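These numbers come from the heavy atoms of this one structure, side chains and all, not from hydrogens, waters or symmetry mates. Predicted model, so just to flag it, every value in this text is computed and none were measured.
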Amino acid sequence: MDISVHKELSQLIEDVTTSGEANLDVAAAKSIKKICKTSDLYVKAAFSLLMSQLEREHSQIRLSSFLLIDELFNRSHVFRQLLVDSLQDVFCLCIGTEPSRPLPAP
């Protein structure tokens, strides 16, 4: 894995998820998908970065992360496998299935 590409991927995900916009930045999302298409290692890195963003206590960051998860889920078999393996955590962070871990306020 190329460190500079990983840093670019990390920065793109950070920018997209913390933009505060209701919709994803189409150009940045396209760049993320292009990087992920080059190697499964980048897909795994993107998944890890997005799960970290989902854990942040900010509802807009979680929404943007979930929208980007949806984009990658539709494109990558590896991403789908990773998501299914972590589905309980995703439900907890996005839907609030555990009372001990409430969702952040809007």
Heavy-atom side-chain contact between [X] and [Y] under 4.5 Å:
X: Leu12; Y: Ile35; value: yes
X: Val78; Y: Tyr42; value: no
X: Leu50; Y: Leu72; value: yes
X: Met51; Y: Val90; value: yes
X: Glu57; Y: Pro104; value: yes

In terms of side-chain heavy atoms, does Gln81 have a donor or acceptor partner in Asp85 at a distance below 3.5 Å? no
I'd like to know if the side chain of Ser48 and the backbone of Lys44 have a donor-acceptor N/O pair within less than 3.5 Å. no
Could you tell me whether the side chain of Asn74 and the main chain of Asp70 form a donor-acceptor pair under 3.5 Å? yes
Atom [atom1] in [X], atom [atom2] in [Y]: separation rounded to 0.5 Å?
X: Arg62; Y: Ser59; atom1: CZ; atom2: OG; value: 8.5 Å
X: Asp2; Y: Lys7; atom1: CG; atom2: NZ; value: 10.0 Å
X: Glu55; Y: Asp89; atom1: CD; atom2: CG; value: 7.5 Å
X: Leu87; Y: Cys94; atom1: CG; atom2: SG; value: 10.0 Å
X: Arg75; Y: Lys33; atom1: CZ; atom2: NZ; value: 4.5 Å

Restricting to non-hydrogen atoms, name the atom on [X] and the atom on [Y] that form the minimum distance, rounded to 0.1 Å.
X: Glu21; Y: Gln60; result: O-NE2, 2.8 Å
X: Leu24; Y: Ser64; result: CD2-O, 3.6 Å
X: Ala46; Y: Leu9; result: N-CD2, 3.9 Å
X: Leu49; Y: Ser10; result: CD1-CA, 3.7 Å
X: Ala29; Y: Leu68; result: CB-CD1, 4.4 Å
X: Ala28; Y: Val16; result: CB-CG2, 3.3 Å

Verify side chain to side chain contact (heavy atoms under 4.5 Å, CB included) between Asp25 and Lys30, making sure each step is shown before the conclusion. CA-CA 9 Å; Asp25 177 355; Lys30 186 174 181 179; over 6 Å; no
I'd like to know if Glu14 pairs up with Arg56 as an ion pair, taking the criterion as any Lys NZ or Arg NE/NH1/NH2 lying under 4.0 Å from an Asp or Glu carboxylate oxygen.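 Yes, this pair counts.
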Given the rule that I, L, V, M, F, W and Y join up when any side-chain heavy atoms are under 4.5 Å apart, are Ile32 and Val26 in one cluster? no
Check the hydrophobic clustering (I, L, V, M, F, W, Y; side-chain heavy atoms under 4.5 Å; chains of links allowed) and say if Phe47 and Ile61 are grouped together.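 In one cluster: no.
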From Leu93, Leu54, Thr18, residue fulfilling side-chain contact (heavy atoms from CB on, under 4.5 Å) relative to Ser65: Leu54
